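Below is one structure, written out as structure tokens; comments come after it.
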Amino acid sequence: MTPADIRDSNWTAIREHLSGRIAEVYTAWIIHGPATTRQLAQKSGIDILNVRPRTTDLVDIGLVEFVDTQNGEGIYRARRQDEWDAWAAFQRSAPVTQLNLI
């Protein structure tokens, strides 16, 4: 297996293991982003009380990123695979300065 094969399988595995609401919100980011969480809820028909916490989860695993602000609200978008690869490589190389709580 080449490094590219490993990278692609990691990307695929992460995306395939999303389920339920988090997968629904991720798909909405792909289709309707970039947007605020409020705009995404309106465009996708998903309740904002599901969009906001699932967006936080997606940001934590790097599939969605914060890009700007609009009227005090954050604008987010889904990352492409090459962008996620760069994000993940940086996360692996960054020094650990605080223990994870989870």
Side-chain angles (χ1 to χ4, degrees):
M1 244 179 146
T2 68
D5 293 334
I6 294 168
R7 175 202 65 209
D8 293 345
S9 68
N10 286 342
W11 173 254
T12 301
I14 288 171
R15 291 182 62 195
E16 287 176 353
H17 285 94
L18 298 178
S19 62
R21 290 285 186 195
I22 198 166
E24 183 181 6
V25 172
Y26 178 63
T27 301
W29 280 117
I30 292 171
I31 295 168
H32 302 292
T36 66
T37 54
R38 183 182 315 277
Q39 290 168 338
L40 184 72
Q42 291 169 346
K43 291 177 183 178
S44 66
I46 303 170
D47 189 287
I48 195 162
L49 296 176
N50 282 312
V51 170
R52 286 188 171 153
R54 301 304 81 78
T55 297
T56 299
D57 296 339
L58 290 165
V59 168
D60 288 345
I61 60 174
L63 294 177
V64 170
E65 72 173 334
F66 169 82
V67 292
D68 202 357
T69 58
Q70 176 182 343
N71 300 325
E73 293 185 75
I75 298 175
Y76 300 86
R77 70 174 189 86
R79 280 192 171 111
R80 298 184 315 267
Q81 180 176 350
D82 61 325
E83 294 171 326
W84 183 85
D85 290 335
W87 176 86
F90 176 77
Q91 296 301 314
R92 286 188 294 269
S93 68
V96 177
T97 57
Q98 183 175 355
L99 294 175
N100 291 331
L101 297 177
I102 298 174

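Bear in mind the structure is a predicted one, so any value in this text is a computation, not a measurement.
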key: Under 3.5 Å: donor-acceptor pair, side chain of Arg79, backbone of Gly62   = yes
### Task
Begin from the C-alpha positions of Gln39 and Glu73 and carry the test side chain to side chain contact (heavy atoms under 4.5 Å, CB included) through to its verdict.
CA-CA 10 Å; Gln39 290 168 338; Glu73 293 185 75; over 6 Å; no
- Item | Expected output: side-chain Trp84 to main-chain Ala78 donor-acceptor under 3.5 Å | no
Check this for me: Arg52, atom CZ, are more than 12 non-hydrogen atoms of other residues, nucleotides or ligands nearer than 6.0 Å? yes
Item to check | Ile75 reachable from Ile31 in the ILVMFWY side-chain graph, under 4.5 Å edges | outcome: no
**hydrophobic_cluster_shared for Leu58 and Val67, side chain cutoff 4.5 Å** = no
| Do the side chains of Val25 and Thr55 get nearer than 4.5 Å, heavy atoms only? | yes
Worksheet entry | hydrophobic_cluster_shared for Phe66 and Val64, side chain cutoff 4.5 Å | yes
Just wondering, are more than 12 heavy atoms of other shown residues or ligands nearer than 6.0 Å to CZ in Arg77? yes
Per side chain to side chain contact (heavy atoms under 4.5 Å, CB included), Ile46 is matched among Val51, Leu40, Thr37 by Val51
When every non-hydrogen atom of Arg21 is compared with those of Glu24, the smallest separation belongs to NH1-OE1, 2.9 Å
d(Arg38 CZ, Gln70 CD) to nearest 0.5 Å is 11.0 Å
Looking only at heavy atoms, the pair that brings Pro34 and Lys43 closest together is O-NZ, 4.5 Å
If hydrophobic clusters are built from ILVMFWY residues whose side chains come within less than 4.5 Å, do Trp29 and Ile48 share one? no
Heavy atoms of Leu63 and Tyr26 approach each other most closely as CB-CE1, 3.6 Å
d(Ile22 CD1, Asn50 CG) to nearest 0.5 Å is 11.0 Å
